[in-house]
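One structure is given below, encoded as structure tokens.
Letters go in sequence order (proteins before strands), and every chain restarts at 1.
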Amino acid sequence: MVDFRTMANRYASQLSLCLPQNTFTHTLARTVHAHMIASGFRPRGHILNRLIDIYCKSSSIGYARHLFDQIPNPDVIARTTLFKAYATLGNLKLAKEIFDGIPLSMRDTVCYNAMITAYSHNGDGLAALKVFGGMRKEGFRPDNFTFSSVLGALSLIADDEKHCEQLHCAVIRSGLGSVTSVLNALISAYVNCASSPLVSSSLLMAAARKLFEAMPKKDELSWTTMITGYVRNDDLGAARELLDGMTEKLVVAWNAMISGYVHHRFYEVAFQMFRKMFSLGIHQDEYTYTSIISASSNAGLYKYGRQIHAYVLRTEVQPSPQFILSVHNALISFYGKFGKLDEARQIFNQMPIKDLVSWNAVLSGYVNVGRIEEAKSIFQEMPERNLLTWTVMISGLAQNGFGEEGLKLFNQMRLEGLEPCDYAYAGAITSCAVLGSLENGRQLHSQLVQLGHDSSLSAGNALITMYARCGVVEFAYSVFLTMPYVDSVSWNAMIAALAQHGHGVQAIQLYEEMLKEDILPDRITFLTILSACSHAGLVKEGRFYFDTMYSCYGITPGEDHYARLVDLLCRAGKFFEAKDVIESMPSEPGVSIWEALLAGCRIHGNMDLGIQAAERLFQLKPQHDGTYILLSNMYATLGQWDDVAKVRTLMKERGVKKEPACSWIEVDNKVHVFLVDDTVHPEVHDVYKYLEGLVLEMRKLGYVPDTKFVLHDMEVEHKEYALSTHSEKLAVAYGIMKLPIGATIRIFKNLRICGDCHNAFEFISKVVEREIIVRDGKRFHHFRNGDCSCGNYW
DNA sequence: GTAGGGTTAG
């Protein structure tokens, strides 16, 4: 039988091996603890305190609390450990409760320092100072740490140069003006203050620099604080100058510099520094590698990233477990961003220890390429989740058209007690955009305002698109106008919103305004502008903007841009110009180009060119149903019914099936058309009767022999009426003519409006001279005068 | 004091 003391010594020494604390040592410590439980050893004293600390720091505060509650009279160390953990989580109420419960006789300087830091880290400078006051009143002697924490608290309150100067004077008066740690804290106060948008950062940085220069003894922290200060205040030149002046080559400072370059997108300089570290013999750590790997993916340098990966695998020195974890996490994300999921998955599977970052990285990899089913099962499998996990999943669902599921998950997240951040809201709002659910979207909007998230960029941008896709451009515009900060995404979203509603000219005007505000257009801006021009018939303007892409903004047009230009020219009937453009392309024209050409030929009945385009498409993508349908439509436009029949035979011979976009017809053999109004629409019944009559008529003409109509009353379930028919979309479309003016038609779920439907809507909008707004799972369609804002056949 | 996982636009 081993006695308690021997076992205690053994466990204590095992736990001391678990330092420094990181994900790896935490796992080790938990194993040690499991062993204690298995062998019946009941930890107490410093062993128990150490365990509490470890559970607190490895995000298992609930279990730490459980251990804590079992101690009859916990000492000051255990209490401090626990309230520090609560404070880190932002739960100051519980933290204060524990701190207040520490008897005066038990208190020490350390616990006061911790409470001051707790408040100042949570942004409550005044409360921190109050604790400091209480400490002095009770006669505790402040030490250097106290001063550093108090300075941190003061720097929160000091929001301009004057406060910082007062702080400076106070330090000198206190006689601590030459203590390095105190001066470091003061410099850090200046630097933090400089990041505030309300003050002159250059003045404060100059003051910090002066202080730094005059320091009697600088340590590593002094240098790093100063360098990161410059980096954070966007003065990379000054940061670099300082770094180059350092005699000691400190890896932390180099990492800070590299990360600065990466964040400012100076990838090449970051790589140069990385290489220089080798020649100077500076030992790189996980921070260096993670920055460089992320730089490779941001810069689109797949090969470079792979080289880094290969190098990491080759290194002879045994890397630390923390190094392996961090670097592999970065690599998972790197491969994920390039869509190389097999590589990402392989790294993930082989990792000896995974943390939440690894799981989130692999999850977003699957989400990004749209492999939602696999993403869902990863989400289910995850041992723990955080705000980020939920956000990735929600927006992933939304972006892949699963609006309902996205909203569901968003609600589930709230049920589990997580407070969604603005990014999560953005995902939920996108879900509403996908569903065309104005009601839900407006609700989320008002919640955002209540929560004070309404100045958020991402949420605002999502709102613009949501309102636009739900058919209310005015709301989209008012969001855009009231957003305190906008970026190029906001401008793009708003320009697209106008273009989608057929306001091509206004879209272009907004684009011109954007240029006046010195916002640089990007490749997406040009895609939007080109299709806006296309719908407004602004050929000259479209060509002009296309030309400025490279000449003014250095953006090389991609195939998608060429396709829009071809579309623009063909819609206007300028086939010669379109051919010139295609021939001038730097690379071999692909599917989208020939499709644009064929679609244009269909509109204008340009048979010869249309057939040429179709032949190219058959070569490139023989199974693509769109080509056959466009071609047969072209023949139909010209009344060449024999040729239409030939195309259909060709489809059968080649076994061409309709794309999934349309195969939903086969899935449940029903078309759902919803009226978005919440009110009961008696006209639905009229439409139903009308359709019945229509079908009878069509049958007489030998058309749609097997059409049946079913009228669903779905009021209870969806508060909406549904009309469903068997396979006959055209009849539904005609039926819609009977709907009240201004009714919005929504194709439910993740469905896309089909080609026949689209034609019918185009036709109706021309004949009845009425604007029809339809949205489906993918796009917004605004039909006016025989044309549709979506710009595509389907 | 440094890093790795998120969002929004076509």
Side-chain angles (χ1 to χ4, degrees), chain A residues 184 187-188 191 219-229 231-232 250-260 262-263 285-295 297 322-323 325-334 336-337 355-365 367-368 386-396 398-399 421-430 433 456-466 468 483 486-497 499-500 521-532 558 560-561 564 779 790-792:
Chain A
N184 282 346
I187 293 177
S188 152
V191 164
D219 66 2
E220 294 184 344
L221 190 60
S222 330
W223 284 94
T224 323
T225 310
M226 206 54 223
I227 290 171
T228 48
V231 169
R232 275 206 214 131
L250 189 66
V251 67
V252 184
W254 277 68
N255 289 343
M257 197 66 231
I258 289 180
S259 105
V262 174
H263 284 137
D285 60 10
E286 56 264 41
Y287 290 86
T288 328
Y289 276 97
T290 45
S291 286
I292 286 299
I293 292 166
S294 121
S297 55
Q322 188 60 49
F323 180 92
L325 180 68
S326 302
V327 169
H328 281 185
N329 286 346
L331 283 169
I332 292 175
S333 139
F334 167 82
K337 279 185 186 141
D355 65 2
L356 191 51
V357 178
S358 335
W359 281 95
N360 283 340
V362 84
L363 177 74
S364 57
V367 162
N368 285 340
N386 62 2
L387 197 60
L388 207 136
T389 319
W390 288 88
T391 310
V392 170
M393 200 63 221
I394 292 167
S395 44
Q399 279 188 338
C421 60
D422 57 334
Y423 290 146
Y425 268 99
I429 293 166
T430 306
S456 151
L457 242 183
S458 45
N461 292 343
L463 281 172
I464 296 175
T465 307
M466 185 274 292
M483 278 168 73
V486 287
D487 63 358
S488 66
V489 177
S490 329
W491 285 91
N492 289 346
M494 196 57 231
I495 294 170
Q500 281 167 351
D522 55 21
R523 33 180 307 109
I524 290 165
T525 319
F526 283 107
L527 285 177
T528 313
I529 281 298
L530 285 170
S531 54
D560 37 5
H561 295 100
R564 304 250 168 150
R779 281 202 183 89
C790 80
N792 285 313

Can A/Y423 be classed as stacking with the base of B/dT7, given a centroid separation cut-off of 5.5 Å and a plane angle cut-off of 30°? no
What's the CG-P distance between A/L325 and B/dG5, to the nearest Å? 13 Å
Taking only the side-chain heavy atoms of A/N255 (C-beta and beyond), determine which of B/dT2, B/dG1, B/dT7 contains the nearest atom. B/dT2
Looking at every strand, decide which applies to A/L356 at a 4.0 Å heavy-atom threshold: base, sugar-phosphate, or nothing. base
Side-chain contact check for A/S333: nearest option of B/dT8, B/dG5, B/dT2 is B/dG5
Over all strands shown, is A/S364 touching base, sugar-phosphate only, or nothing at heavy-atom distances under 4.0 angstrom? sugar-phosphate
Which part of the nucleic acid, if any, lies within reach of A/S456 when heavy atoms closer than 4.0 Å are counted: base, sugar-phosphate only, or nothing? nothing
Using side-chain heavy atoms (C-beta onward) and a distance below 4.5 Å, is A/M494 in contact with A/V486? no
Nearest 0.5 angstrom please: A/L463 CG to A/S490 OG, how far? 11.0 Å
Any side-chain heavy atom of A/T465 sitting closer than 4.5 Å to one from A/T430? no
Closest to side chain of A/T528, choosing from B/dG6, B/dG5, B/dG10: B/dG10
Whole-Å distance between B/dG4 P and A/Y287 OH? 10 Å
Donor-acceptor pair, distance only, cut-off 3.5 Å: does the side chain of A/S364 make one with the backbone of A/N360? yes
Write down the distance between CG (A/N368) and C1' (B/dT8), rounded to a whole number of angstrom. 14 Å
Looking at A/S259, does any N or O in its side chain come under 4.0 Å of the phosphate oxygens OP1/OP2 on B/dT2? no
Donor/acceptor link under 3.5 angstrom from A/S458 side chain onto base of B/dT8: no
Quiz item: A/T465 side-chain donor-acceptor pair to B/dA9 base, under 3.5 Å: no
note: A/F334, atom CZ; B/dG6, atom P; distance rounded to Å ~ 14 Å
Can you tell me the distance, in whole Å, between the NZ atom of A/K337 and the C1' atom of B/dT7? 13 Å
Checking all strands, does A/D422 fall into the base, sugar-phosphate, or nothing category for heavy-atom contacts under 4.0 angstrom? nothing
Side-chain N or O of A/R232 less than 4.0 angstrom from OP1 or OP2 on B/dT2? yes
What's the closest nucleotide to the A/D560 side chain, out of B/dG4, B/dG10, B/dT8? B/dG10
Is A/D522 touching bases, backbone alone, or none of the nucleic acid, heavy atoms closer than 4.0 Å? base
B/dG4 OP1/OP2 closer than 4.0 Å to side-chain N/O of A/Q322: no
Atom-pair distance (CE on A/M257; P on B/dG1), nearest Å: 18 Å
May I have the distance from A/H328 (atom NE2) to B/dA3 (atom C1'), rounded to whole angstrom? 15 Å
Would you classify A/V392 as touching base, sugar-phosphate or nothing, given that sugar-phosphate means primed atoms plus P, OP1 and OP2, and contacts are heavy atoms under 4.0 Å? sugar-phosphate
Measuring to OP1 and OP2 of B/dA9, would you say a side-chain N or O of A/Q500 lies under 4.0 angstrom away? no
I want to check something: taking the side chain as every heavy atom from C-beta on, are A/L388 and A/L356 in contact at a cut-off of under 4.5 Å? no
Nearest-0.5 Å distance, CD1 of residue A/I495 to CD of residue A/Q500: 12.0 Å
Can you find an N or O donor on one side and an acceptor on the other, under 3.5 Å apart, linking the side chain of A/T290 with the base of B/dG4? no
NA contact type, A/H263, heavy-atom cut-off 4.0 Å: base, sugar-phosphate, or nothing? sugar-phosphate
Just compare B/dG5, B/dG6, B/dA9 and give me whichever is closest to any side-chain atom of A/C421. B/dG6
So A/I332, base contact, sugar-phosphate only, or nothing? Heavy-atom distance under 4.0 Å. nothing
Under 4.0 Å from OP1 or OP2 of B/dA3: is there any side-chain N or O of A/S291 that close? no
For A/D285 and B/dG1, what is the distance between atoms CG and C1' respectively, to the nearest whole Å? 12 Å
Is there a side-chain contact between A/T525 and A/S488, using heavy atoms and a 4.5 Å cut-off? no
Tell me which nucleotide among B/dA9, B/dG5, B/dT2 gets nearest to the side chain of A/N386. B/dG5
